[in-house]
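Before any comments, here is the structure.
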Amino acid sequence: MTATGTRRSPDGGVDAVWALSWAEQRAAGISPIIIRAFYGAGFHHPHLRGGTVGEWPLNVFTPGQAAAELPTLRAVVAADLHNLVFQRDYRIIPAVMDGRAR
């Protein structure tokens, strides 16, 4: 897992990126799972984006609202993982290969 922390984006907004990768994924030459939170300079509200999937609105102003976004984050990651499996095959998922998947 890597994280950039909050940083200034090229358009003058702000963003932060989290990337998840593992040995089997890297060995297959597949990009990491990405979550990017960004607030463009001309935007009315921030957004979330996955590495291979589209954008979701991110209207968060309180810790409670942030916690309520957990299902959205899970959906972004699940969709990204789904797309990455189709770039190779299911064997890039360690839990599937060692019998932990249910």
[X] versus [Y], closest heavy-atom pair with distance:
{"X": "G12", "Y": "A41", "answer": "C-CB, 3.9 Å"}
{"X": "S9", "Y": "R36", "answer": "CB-NH2, 4.5 Å"}
{"X": "P94", "Y": "W22", "answer": "CD-NE1, 3.4 Å"}
{"X": "F61", "Y": "Q65", "answer": "N-OE1, 2.5 Å"}
{"X": "V14", "Y": "R8", "answer": "CG1-NH1, 3.8 Å"}
{"X": "W18", "Y": "A37", "answer": "CZ3-CB, 3.9 Å"}

Among the clusters formed by ILVMFWY side chains lying less than 4.5 Å apart, do W56 and L58 turn up in the same one?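 Same cluster: W56 reaches L58 through Ile, Leu, Val, Met, Phe, Trp or Tyr contacts under 4.5 Å.
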
Does one hydrophobic cluster hold both I30 and I33, with members joined at side-chain heavy-atom distances below 4.5 Å?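 Yes, I30 connects to I33 through the hydrophobic network.
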
Drop me the distance from F38's CZ to T6's OG1, to the nearest 0.5 angstrom.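 Reported to 0.5 Å precision, the distance equals 14.5 Å.
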
To the nearest 0.5 Å, tell me how far M1 CE sits from L20 CG.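 Going from the CE atom of M1 to the CG atom of L20 covers 5.0 Å.
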
Just to verify, what does S31 make a side chain to side chain contact (heavy atoms under 4.5 Å, CB included) with, not counting sequence neighbours?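 In terms of side chain to side chain contact (heavy atoms under 4.5 Å, CB included), with neighbours along the sequence ignored, S31 is linked to no residue.
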
Just jot down the side chain to side chain contact (heavy atoms under 4.5 Å, CB included) partners of R7, sequence neighbours excluded, or say none.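 In terms of side chain to side chain contact (heavy atoms under 4.5 Å, CB included), with neighbours along the sequence ignored, R7 is linked to T4, D15, V17.
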
Do any pairs count as a salt bridge (charged side-chain N to carboxylate O under 4.0 Å, His left out) and have a residue in residues 23-35, sequence neighbours left out, and if so which ones?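 Sorted result for residues 23-35: empty, none.
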
With sequence neighbours excluded, give me every salt bridge (charged side-chain N to carboxylate O under 4.0 Å, His left out) pair touching residues 47-62.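 Passing the test, one end in residues 47-62: R49-E55.
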
Check residues 66-82 and write down every donor-acceptor pair under 3.5 Å in which the side-chain atom is one partner and the other belongs to a residue at least two apart or another chain.
unit_1: E69; atom_1: OE1; unit_2: T72; atom_2: OG1; d: 3.1
unit_1: D80; atom_1: OD1; unit_2: G51; atom_2: N; d: 3.3
unit_1: D80; atom_1: OD1; unit_2: T52; atom_2: N; d: 2.6
unit_1: D80; atom_1: OD1; unit_2: T52; atom_2: OG1; d: 2.5
unit_1: D80; atom_1: OD2; unit_2: I34; atom_2: N; d: 3.0
unit_1: D80; atom_1: OD2; unit_2: G51; atom_2: N; d: 3.0

Let me check something: any side-chain donor-acceptor pairs from residues 84-92 under 3.5 Å, sequence neighbours excluded? List them with distances.
unit_1: R88; atom_1: NE; unit_2: A28; atom_2: O; d: 2.8
unit_1: R88; atom_1: NH2; unit_2: A28; atom_2: O; d: 2.7
unit_1: D89; atom_1: OD1; unit_2: R91; atom_2: N; d: 2.8
unit_1: D89; atom_1: OD1; unit_2: R91; atom_2: NE; d: 3.2
unit_1: D89; atom_1: OD2; unit_2: R91; atom_2: NE; d: 3.3
unit_1: D89; atom_1: OD2; unit_2: R91; atom_2: NH2; d: 2.6

